[in-house]
Each structure stands twice: as structure tokens, then as C-alpha cells.
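Positions are given from 1 along the sequence.
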Amino acid sequence: PQIREACRSAEPAVRIAGLKALGARGDAASVPLLAERAARTSGDEQAAARASLRVLRGKDVHATMIGRMKEADAAVQGELVQALADRGATEATPVLLQMAAGNEASVRVASYRALRELAGAGEVERLVALLAGAPREEQKQLETVILGVARRTDAAARTAQAILARLDSVPDTPRKGTMIGILGQLGDASALATLRRALNDADVEIRSAAIVGLGHWPDVTPLPDLLQVVRDDKNLAHRVLALRGYIDLVGRADAMNAE
């Protein structure tokens with residue numbers, strides 16, 4: 001009670017001390033107060049509330065955060081999402097996936113960041129589904145999430161298969177181009193034929209995405225494909241992209257050989 005009273009003091013320094021004390025001595029019951037302060041204050045007071053959310057102890061802390069997150073407003077949700085990510089609370093992943101498909105942009109973006117740290121290999125299909133339906137301005141963020149999870153969980157092959165399964169049904173070119181770019185960065189052999197076909201796509205943007213994707217491939221396998229683009233493509237921008245990719249691949253191969 002004394003700590004909670006301190007958190008409500010008229011003196012900022014006392015409030016900050018109280019919030020810090022909750023982190024050390026509080027429990028799951030402290031979650032609502034800390035989340036509210038993290039969302040509604042600024043400066044040192046906000047920093048103290050956020051720090052206490054990260055270190056708060058107790059067996060029900062994560063469950064309380066997840067439950068509160070479901071019913072709070074966007075500002076509080078964002079703070080709880082970040083706290084759960086900082087705490088490595090993988091049990092929050094199912095709820096985060098739901099929130100990442102919600103209507104509030106700020107909460108979606110916060111959920112993307114958390115999922116990059118918390119999602120496992122078993123969630124890559126859901127992440128790809130999010131990319132297939134996300135607003136255009138959030139596609140780059142989801143690309144980062146998908147690549148991060150695939151690399152962290154050694155799920156490049158599974159992620160490539162999830163993208164390949166959806167690629168033909170994606171209606172808009174920018175989204176399809178993003179997916180092709182992810183396939184290139186994943187570098188799974190199952191996607192190589194798809195990228196090679198995309199080099200001959202009727203859409204200039206898709207061809208560009210395929211060239212860039214092949215330039216990001218983790219080994220020298222696509223060198224002949226890139227060289228052919230340099231020699232034969234009538235589009236100057238494509239030839240430049242292909243040459244850059246070719247040079248980058250050769251450089252990375254030389255660096256790996258030198259090691």
C-alpha cells in the first residue's frame with residue numbers, strides 16, 4: 001500500500017521512486033498501474049514504469065499482461081506488447097498474432113516488433129498470411145519480421161514453402177515483389193526455380209524483385225542467371241541491378257573462401 005501511495009504522490013520524484021519499487025517488490029497485481037503509467041506519462045516517470053514492467057516478478061505476471069492487453073486501449077496495449085517482448089514471453093505469441101491482424105495501426109506495428117523476437121518456426125505460415133493481407137506501408141516491417149524469425153529459428157525452408165504456397169494468389173504486384181525478395185534473402189533451394197521464372201515475368205517490377213532476390217542469394221548458384229540479365233536484358237536498370245548483384249555475390253564468395 002505504501003508503495004502504491006508513493007506512485008500517486010504529487011511529487012514526481014516520489015512517484016518515480018514508487019514505480020521503481022514496484023518493479024523490485026511488486027507482483028502481477030502491479031501490472032495495470034505500471035502499464036497505465038508507461039502509457040500516460042513521459043520522461044523519467046515513463047522510463048521507470050517501463051523498466052519495472054520488464055523486471056516485475058511473479059508466476060502470473062505474463063498471464064496478467066496478456067489478459068490486460070486484450071482489453072486495454074491502444075496506448076496501454078503497445079506498452080504491454082513491448083514489455084512482453086522484452087521479457088521473452090513466448091506464450092504471448094498467439095495473442096500477438098491476433099493483434100497484428102487488428103485495426104489499430106500502432107498496435108499492429110508493436111506486435112510485429114514483438115513477434116520478430118517471440119514467434120517460433122511454427123508461426124511462419126501465420127506471419128506470411130499477415131504479409132499477404134497487410135497494408136502496403138507495413139509490408140517492409142513484416143518482411144523484417146519474417147526474415148528475422150526464419151533466421152533465428154533456422155526455418156528458411158519452411159518459410160520459403162509458406163511463401164511459395166501463397167505467391168500465385170497474391171493479387172498486387174508490390175506485395176508479390178516483396179515475397180520474391182524474401183525468397184531471395186532466405187536462399188532456400190526450393191525457391192530458385194520460382195525466382196528464375198520471375199526473371200521473365202511480364203511485369204517490370206516483378207523482374208526487378210527477382211534480380212534483387214538472386215543478388216541476395218547466399219551462394220554463387222545464381223551467377224549465370226545474373227550474368228545473362230547483364231548481357232541480354234534490354235532494360236538498363238535491370239542490367240545495372242544484375243551487375244551489382246553479380247559483383248556482390250562474387251565478393252561474398254571470395255570473402256568466404258578467404259576465411
Can you confirm whether more than 12 heavy atoms, excluding those of [X], are under 6.0 Å from its [atom1] atom?
X	atom1	value
Gln2	CD	no
Glu91	CD	yes
Asp172	CG	yes
Asp154	CG	no

Should [X] and [Y] count as side-chain neighbours, where that means a heavy-atom distance under 4.5 Å?
X	Y	value
Leu186	Arg151	no
Lys70	Val95	yes
Leu127	Leu97	yes
Trp217	Leu192	yes
Leu84	Val81	no
Arg231	Leu227	yes
Leu199	Ile211	yes
Leu131	Met179	yes

Contacts of type side chain to side chain donor-acceptor pair (under 3.5 Å), residue Thr221, not counting sequence neighbours: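 Partners of Thr221 under the side chain to side chain donor-acceptor pair (under 3.5 Å) test: Asp219.
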
Contact summary for [X] and [Y], nearest pair of heavy atoms:
X	Y	result
Leu115	Val149	O-CG2, 3.6 Å
Ala132	Arg175	O-CD, 3.2 Å
Glu205	Pro174	OE2-CA, 3.4 Å
Ser106	Ala74	OG-CB, 4.1 Å
Thr153	Ala119	CG2-O, 4.1 Å
Ala156	Asp188	O-CB, 4.2 Å

We want to know whether [X] and [Y] form a side-chain donor-acceptor pair, criterion being a heavy-atom distance below 3.5 angstrom.
X	Y	value
Gln77	Asp73	no
Ser111	Arg108	no
Gln161	Ser190	yes

task: For the pair Glu117 and Arg152, evaluate salt bridge (Lys or Arg N to Asp or Glu O under 4.0 Å) and give the outcome as yes or no after the intermediate values.
output: CA-CA 9 Å; Glu117 305 302 323; Arg152 175 171 53 79; 5.1 Å; no

Rounded at 0.5 Å granularity, tell me how far [atom1] in [X] sits from [atom2] in [Y].
X	Y	atom1	atom2	result
Leu164	Thr194	CG	OG1	4.5 Å
Glu79	Met65	CD	CE	10.5 Å
Leu96	Arg113	CG	CZ	12.0 Å
Thr64	Met69	OG1	CE	12.0 Å
Ser52	Arg57	OG	CZ	11.0 Å
His238	Ser208	NE2	OG	3.0 Å

Would [X] and [Y] show up in the same hydrophobic cluster when neighbours are defined by side-chain heavy atoms closer than 4.5 Å?
X	Y	result
Val170	Val212	yes
Val230	Val250	no
Leu147	Ile180	yes
Leu223	Leu183	yes
Ile206	Ile182	yes

query: Between Arg158 and Glu125, does at least one N-O distance fall below 4.0 Å, as a salt bridge requires?
result: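 Salt bridge between Arg158 and Glu125, a charged N being under 4.0 Å from a carboxylate O: yes.
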
task: Salt-bridge test for Arg207 and Asp201: reply yes if a basic N is under 4.0 Å from a carboxylate O, no otherwise.
output: no

message: Assess the residue pair Leu56 and Arg87 against the criterion (side-chain contact (heavy atoms from CB on, under 4.5 Å)); give the C-alpha distance rounded to whole Å, side-chain angles, the decisive distance to 0.1 Å, and a yes or no.
response: CA-CA 9 Å; Leu56 197 63; Arg87 295 171 66 93; 3.8 Å; yes

message: Determine whether Arg40 and Arg37 satisfy the following criterion, side-chain contact (heavy atoms from CB on, under 4.5 Å), listing intermediate values before the conclusion.
response: CA-CA 5 Å; Arg40 314 293 181 209; Arg37 293 301 176 86; 5.9 Å; no

field: Under 3.5 Å: donor-acceptor pair, side chain of Gln46, backbone of Thr41
entry: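 The answer is yes, because a donor-acceptor pair under 3.5 Å joins these two groups.
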
Side-chain donor or acceptor of Glu45 paired with backbone N/O of Ile16 under 3.5 Å: no

- request: Take Arg15 and Cys7 through the test side-chain contact (heavy atoms from CB on, under 4.5 Å) and record every step on the way to the result.
  value: CA-CA 4 Å; Arg15 291 199 304 272; Cys7 292; 5.7 Å; no

N/O donor to acceptor pairs below 3.5 angstrom from side-chain atoms of residues 19-33, sequence neighbours left out:
unit_1	atom_1	unit_2	atom_2	d
Asp27	OD1	Ala29	N	3.0
Ser30	OG	Asp27	N	3.3
Ser30	OG	Asp27	O	3.3

Listed pairs under 3.5 Å, donor-acceptor, residues 240-247 side chains, sequence neighbours left out:
none

message: Please evaluate residues Asp233 and Arg239 with respect to the criterion salt bridge (Lys or Arg N to Asp or Glu O under 4.0 Å), reporting the C-alpha separation (whole Å), side-chain torsions for both, the decisive distance (0.1 Å), and the verdict.
response: CA-CA 6 Å; Asp233 201 301; Arg239 296 200 302 273; 5.7 Å; no

task: Please lay out, stage by stage, how Arg8 and Glu5 fare under the test salt bridge (Lys or Arg N to Asp or Glu O under 4.0 Å).
output: CA-CA 5 Å; Arg8 297 184 177 92; Glu5 280 188 28; over 6 Å; no

